[in-house]
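To start, the structure under review is shown below, and the notes come after it.
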Amino acid sequence: MGLAEGDGVPDNPAIVGVWCGQEPVSDTRVEPEEQQAEFARLVLCRQDRMLRTIWRVVRDPDLAEDALQDALATLWRKLPALARHPNPEAFVLRVSLDAACDQLRAHLRRRRRDAPLDGAEAAALSAPPAAGAGSALCREVLRAIGRLRRRQATAILLRALHDESYDTIARTLGCSEATARVHVLHARENLRQWLSHLRGASSEETSS
Amino acid sequence: MNDRSADRHSDVDALLRATLADDLPTAVEGRLNRQVDRFLASRRPRGRGPVAAWLGPWRAGLSLRVAASAALLVSGVALHLALGPRAFAAPVGRVQESVALWQAIKSARSMECGDSARDDLGSPAEFADRVHRRWVLLASRRDAAGALELTFRSPSDQAGYELVVDRESMLPRRIVKTPLHGFVPAGRATAGYSVVCTWGAQTPEERFDGQR
């Protein structure tokens with residue numbers, strides 16, 4: 001199924017600018033003190049959820065710090081767009097998820113580049129840094145998420161981890177609801193395929 | 001079955017929820033919270049502490065003050081170069097001459113300068129007070145005979161005074177008064193004159209007693 005990038009772009013120019021990679025148009029120059037207050041109102045009140053979202057994806061303290069720094073910098077830069085967004089909570093979550101997925105992908109790339117081995121040893125070395133017991137399954141899942149396209153990863157994580165509606169995912173991604181459903185569907189198919197060797201996932205697949 | 005219930009039964013979604021559990025460790029949470037604090041500190045505008053706030057009103061007109069100070073400095077230098085110090089005040093050496101003249105006149109026992117000068121200048125003490133406090137020394141030079149010629153300006157009666165002073169006694173031998181710019185004197189002030197003065201100087205004992 002083909003998916004046009006411009007499909008479902010919202011009418012709000014600020015949101016369009018953000019998701020097209022442009023700087024949002026700011027009508028007036030904001031004083032630093034006002035920007036601090038606005039940042040506290042829109043971002044810091046969701047700080048706990050940001051931290052937990054990032055941790056659930058990267059599951060490594062160093063990567064989490066880097067992802068958090070990227071997310072905070074992005075939110076600071078896009079503060080005017082965030083203030084005009086119809087769902088600031090989803091906006092913050094999306095930026096956090098994007099930053100976490102970017103850090104995860106970068107980590108996997110570094111591991112592959114630094115240890116160009118083959119076979120099981122290479123697979124072990126390129127594993128994501130999942131801490132704690134049962135990390136083998138977690139590493140497999142994280143590696144599969146790292147292979148997803150950015151929008152697919154964001155869509156499936158918003159849906160699965162945060163139980164967001166397709167309408168919210170569509171607004172957050174700046175696309176139509178149908179396109180959001182397609183992103184989630186493709187992400188599920190890809191993950192199901194890549195994780196089919198896991199027994200638990202395979203058994204659930206048959207039940208569904 | 002709606003979308004949410006269908007998704008909840010999705011194997012992949014269940015796997016994601018199970019493996020990517022919401023189990024942020026407390027130590028990592030504290031570390032990330034400190035990271036947020038550091039980020040906010042880095043975005044805080046610099047130089048806005050208590051001292052900066054106290055200096056705020058002064059800093060607001062800083063450029064204006066700098067411009068005004070520079071203009072005043074340039075004006076002062078230009079004025080000094082264009083007109084020279086003589087236009088306004090006498091140099092230190094001439095002030096010393098003025099002081100010596102004041103002391104000599106003040107210590108004189110008597111003064112004979114003619115009626116017009118006596119009416120104008122009064123007693124030696126009054127004359128000394130004028131020289132010291134009211135008159136402005138404009139110029140001083142030596143004439144051919146070695147005498148000192150001091151030129152004063154009197155702002156109160158708009159007149160110029162030229163005094164030829166004896167170098168030994170520092171007492172004026174000749175006084176010339178010239179009204180400035182057609183000034184018409186009023187009251188006891190007189191018009192211009194030129195008089196020769198003789199002085200009754202104090203004896204050394206009188207001078208010693210006066211100094212005590």
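The figures that follow rest on heavy atoms only: side chains count, while hydrogens, waters and symmetry mates do not. Labels below follow one simple rule: chain letters A, B, ... track the order of the sequence lines, proteins then strands, and each chain is numbered from 1.
By the 4.5 Å heavy-atom criterion applied to side chains, B:Asp13 and A:Arg188 are counted as neighbours. At least one side-chain heavy atom of B:Leu15 sits under 4.5 Å from a side-chain heavy atom of A:Leu137. The shortest distance between side-chain heavy atoms of A:Leu142 and B:Leu20 falls below 4.5 Å. By the 4.5 Å heavy-atom criterion applied to side chains, B:Glu29 and A:Asp48 are counted as neighbours.
Interatomic distance, CZ of B:Arg31 versus CG of A:Leu68, reported as 11.0 Å (0.5 Å rounding).
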Checking salt bridge (charged side-chain N to carboxylate O under 4.0 Å, His left out) for the pair B:Arg17/A:Asp163: CA distance, chi angles, key distance, verdict?
CA-CA 10 Å; B:Arg17 278 193 292 272; A:Asp163 207 21; 5.5 Å; no
Could you check B:Asp23 against A:Arg59 for side-chain contact (heavy atoms from CB on, under 4.5 Å), going step by step and ending with a plain yes or no?
CA-CA 9 Å; B:Asp23 54 357; A:Arg59 310 190 79 77; 2.7 Å; yes
So A:Arg192 and B:Asp11, salt bridge (charged side-chain N to carboxylate O under 4.0 Å, His left out) or not? Walk me through it.
CA-CA 8 Å; A:Arg192 190 174 288 120; B:Asp11 53 336; 2.8 Å; yes
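Residue A:Gln69 touches chain B through both its backbone and its side chain, counting heavy-atom pairs closer than 4.5 Å. Of the two parts of A:Leu44, only the side chain, counted from C-beta on, holds a non-hydrogen atom closer than 4.5 Å to a non-hydrogen atom of chain B. In this structure, the portions of B:Val36 lying under 4.5 Å from any heavy atom of chain A include both its backbone and its side chain. For A:Asn190, no part sits under 4.5 Å from any heavy atom of chain B, backbone or side chain. For A:Leu72, the parts lying under 4.5 angstrom from a heavy atom of chain B are both the backbone and the side chain. Both the backbone and the side chain of A:Ala73 come within less than 4.5 Å of a heavy atom in chain B.
Taking A:Ala40, A:Pro61, A:Ala187 one by one and counting their heavy-atom pairs under 4.5 Å with chain B, the maximum is reached by A:Pro61. Your options are A:Val57, A:Leu191, A:Leu51, A:Ile145, and the one with the most heavy-atom pairs under 4.5 Å with chain B is A:Leu51. In terms of heavy-atom pairs under 4.5 angstrom with chain A, the leader among B:Asn33, B:Asp22, B:Leu40 is B:Asp22.
Relative ring orientation between B:Phe39 and A:Phe39 is described as tilted, the plane-to-plane angle lying within the 30° to 60° band.
In this structure, B:Arg38 pairs ionically with A:Glu65, as a charged nitrogen and a carboxylate oxygen lie closer than 4.0 Å.
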